[in-house]
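Below is one structure, written out as structure tokens; the observations come after it.
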There are 2 protein chains.
Amino acid sequence: MATIKDIAEKTGLSPTTVSRVINNHPYVDQSKRIKVQKAMQELSYVPNSSAQRLRGQKTNTVAVIISRIINPFFSHLVDAMGEAATDRGYQLLLCDSRLDAQRELEHLELLKKKQVDGVILASLQNTWKEIEPYTKFGPVITCNEYDKEAEMPMISCDQQYGGYLAVRHLIEQGHTRIAYAGGVNRIQLTYDRLQGYRQAMAEASLPVEDAFIFTGIYGLSDGIQVFDEIRGMEEPPTAIFAGGDEVAAGVIKQAKLHQWRVPEDIAVVGFDNQPLAELVEPGITTIEQPTKVMGIRAMQLMMDMIDHAGPVTYQKETLPLHLVKRGST
Amino acid sequence: MATIKDIAEKTGLSPTTVSRVINNHPYVDQSKRIKVQKAMQELSYVPNSSAQRLRGQKTNTVAVIISRIINPFFSHLVDAMGEAATDRGYQLLLCDSRLDAQRELEHLELLKKKQVDGVILASLQNTWKEIEPYTKFGPVITCNEYDKEAEMPMISCDQQYGGYLAVRHLIEQGHTRIAYAGGVNRIQLTYDRLQGYRQAMAEASLPVEDAFIFTGIYGLSDGIQVFDEIRGMEEPPTAIFAGGDEVAAGVIKQAKLHQWRVPEDIAVVGFDNQPLAELVEPGITTIEQPTKVMGIRAMQLMMDMIDHAGPVTYQKETLPLHLVKRGST
DNA sequence: CTGAAAGCGCTTACAG
DNA sequence: CTGAAAGCGCTTACAG
């Protein structure tokens with residue numbers, strides 16, 4: 001493995017000069033520059049990145065923490081972030097927490113280790129109290145998730161409004177008995193969606209029945225289970241707002257299995273507008289999040305923070321959300 | 001940011017001793033060990049990873065090259081690899097080529113830069129000729145994709161057999177006019193699936209019509225387009241083997257739109273057994289790949305190669321593939 | 001335009 | 001059991 005010293009020896013120049021041509025400095029004699037470039041070619045020399053990082057105190061890498069990459073929402077978000085990073089010569093280090101708070105903290109250690117220049121939290125398993133100590137080691141921002149108490153930049157969508165939009169739509173379709181099936185309320189984002197549900201119900205003077213509120217619901221199988229519970233009710237809801245398209249797909253799948261018609265017997269609204277939303281039958285009415293824009297904005301903000309390195313004014317940015325109507329309502 | 005020197009000063013010991021306790025060396029006086037640990041706590045010290053990497057000539061990171069993370073096949077593969085890596089203290093650096101050969105080569109440069117200890121190619125846009133020079137800078141293996149000429153370890157599935165299984169199944173269902181819609185033949189994996197198709201057809205003495213062979217087909221919209229072409233044919237096929245579940249889903253979606261019944265008017269077989277295969281209606285008969293096992297095996301093999309660092313005997317490993325029967329056939 | 005020297009933060013023989 | 005010294009491969013003032 002060739003080093004800068006090898007190039008220096010081969011060309012009879014100093015490592016300093018070689019370094020200058022590597023980094024495209026001006027004030028290097030043209031003929032020497034060419035000589036160095038030729039030698040680098042011949043020895044297929046590439047600068048050692050650990051040495052550059054150690055010396056430069058910069059990694060050009062940002063860590064992105066998500067809960068799990070197999071969730072299409074995250075894979076699309078990461079895809080957009082990665083593109084934005086590459087455009088400016090940054091790398092993205094993918095870290096999944098698998099919903100484990102401890103693991104999330106371990107990933108934040110990357111900042112202390114100087115293995116990354118900054119961290120984007122797209123999933124949030126800890127509270128601001130746990131996160132805060134890390135912020136003094138480098139920029140930390142949130143994307144998608146947020147925390148009311150946190151004092152860091154956050155790029156997100158108005159989840160309460162999303163929940164409100166979904167439920168208002170169901171109410172407009174004439175429903176009064178509406179169920180909710182979402183994640184865990186400890187997470188702000190989930191909690192807010194439920195608040196949006198309550199807001200729409202209150203606005204229409206409709207009562208909220210405890211039995212219609214399902215929490216800790218995430219995937220397809222959860223959706224199936226929720227439907228089974230609904231099916232067993234004396235007076236079941238006629239509509240359900242699910243906190244994810246996969247949950248919605250599970251409800252629909254199971255409903256059809258039991259000969260319930262969608263949307264006639266049960267109407268369903270999902271969340272995210274994932275590809276599967278238009279593949280299942282009927283298509284899922286859903287709340288679309290501007291995933292791509294959100295990812296790009298978050299990565300750009302992060303890179304700006306790193307590049308300017310000044311104390312960035314703490315800011316929140318909220319992106320619009322809208323309803324996509326399909327056959328399930 | 002505390003360094004090893006800070007800890008040494010604070011405790012009145014040498015950096016050497018501090019390093020010893022960081023690395024859990026034996027032969028450190030117990031009381032001193034505790035003193036150092038306390039100081040590390042207080043200064044919230046974490047070793048600088050660039051320094052460790054530079055000094056140790058090891059990164060504990062492996063690069064995984066895929067074409068695009070939003071492809072569920074890859075997100076599941078990466079998920080499995082990531083878990084296997086974490087289990088042994090390795091990190092996974094995700095690199096997407098977006099099907100661009102040049103970008104793939106740039107990712108291979110990570111090996112020269114010593115930013116990773118090895119590379120797993122789960123997507124392959126270059127030929128062995130281009131890849132080969134990189135192999136002298138560290139272990140490079142293939143997972144999922146393969147190349148007949150390449151002399152590197154490869155963990156993969158027998159794609160020809162997969163294609164054969166799919167088409168034989170259609171033939172057993174009584175079909176004789178069978179179309180194929182897959183990727184680009186420049187890729188060995190794709191080419192082999194088509195060979196499997198030909199093999200099954202030949203075995204049943206069925207002719208292969210050129211008009212029934214569609215290549216360069218990848219996503220949902222490609223599937224829609226393929227169906228539209230089929231619909232316009234004088235004598236259309238009665239079945240189609242698609243090189244991916246998304247393509248299959250596109251065909252089915254468009255078929256239903258035009259009132260063709262699936263499988264009565266057109267039977268469809270997909271590939272990968274992705275979640276969506278059981279969500280669409282009818283469910284997609286598909287070829288299941290042991291994605292998880294493949295990912296874990298590849299990562300383990302890579303870590304073995306890195307850890308033993310000896311010249312690994314060049315090996316190929318082929319994993320089983322099987323048919324999952326659903327409503328689309 | 002060019003080079004010698006110092007140093008980024010660590011670890012590992014080596015000597016005690 | 002412990003420490004001084006060298007060195008991993010680079011870049012950046014500094015002096016010329």
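Reminder, nothing fancy here: chain letters follow the sequence lines and each chain counts from 1.
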*Along DNA chain D (nearest heavy atom to each residue), the more 5'-positioned of Q30(B) and P47(A)*: Q30(B)
*Nearest to the side chain of A51(A), which nucleotide is it out of dG3(D), dC10(D), dT2(C)?*
dC10(D)
*Just name whichever nucleotide pairs with dG3(D), Watson-Crick or G-U, keeping both distances under 3.5 Å, else none.*
dC14(C)
_Could you walk me through whether H25(A) and R33(A) satisfy the side-chain contact (heavy atoms from CB on, under 4.5 Å) test, starting with their C-alpha distance in whole Å, then the side-chain angles of each, then the deciding distance to 0.1 Å, before giving a yes or no?_
CA-CA 10 Å; H25(A) 279 243; R33(A) 184 184 296 271; 5.7 Å; no
Do the side-chain N or O atoms of [X] get closer than 4.0 angstrom to the phosphate oxygens (OP1, OP2) of [N]?
X: Y27(B); N: dG3(D); value: no
X: T3(A); N: dG9(D); value: no
X: Q52(B); N: dT11(C); value: yes

*asked:* Tell me if the side-chain of T16(A) makes a donor-acceptor pair with the base of dA4(C), cut-off 3.5 Å, by modelled atom types.
replied: yes
*With no angle test and no hydrogens, is the base of dG3(D) tied to the side chain of R20(B) by a donor-acceptor pair under 3.5 Å?*
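A donor-acceptor contact between them is present.
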*Check against salt bridge (charged side-chain N to carboxylate O under 4.0 Å, His left out), D100(B) and R98(B)*: CA-CA 5 Å; D100(B) 183 287; R98(B) 307 209 168 215; over 6 Å; no
*Judged by modelled atom types alone, do S123(A) and Q125(A) share a side-chain donor-acceptor pair under 3.5 Å?*
yes
_Taking dT12(C) as the reference, what is the distance to dG16(C) when you measure between their C1' atoms (whole Å, please)?_
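Pairwise C1' distance, dG16(C) against dT12(C), rounds to 16 Å.
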*Under the criterion side-chain contact (heavy atoms from CB on, under 4.5 Å), which of L108(A), I131(A), D147(A) is the partner of N126(A)?*
I131(A)
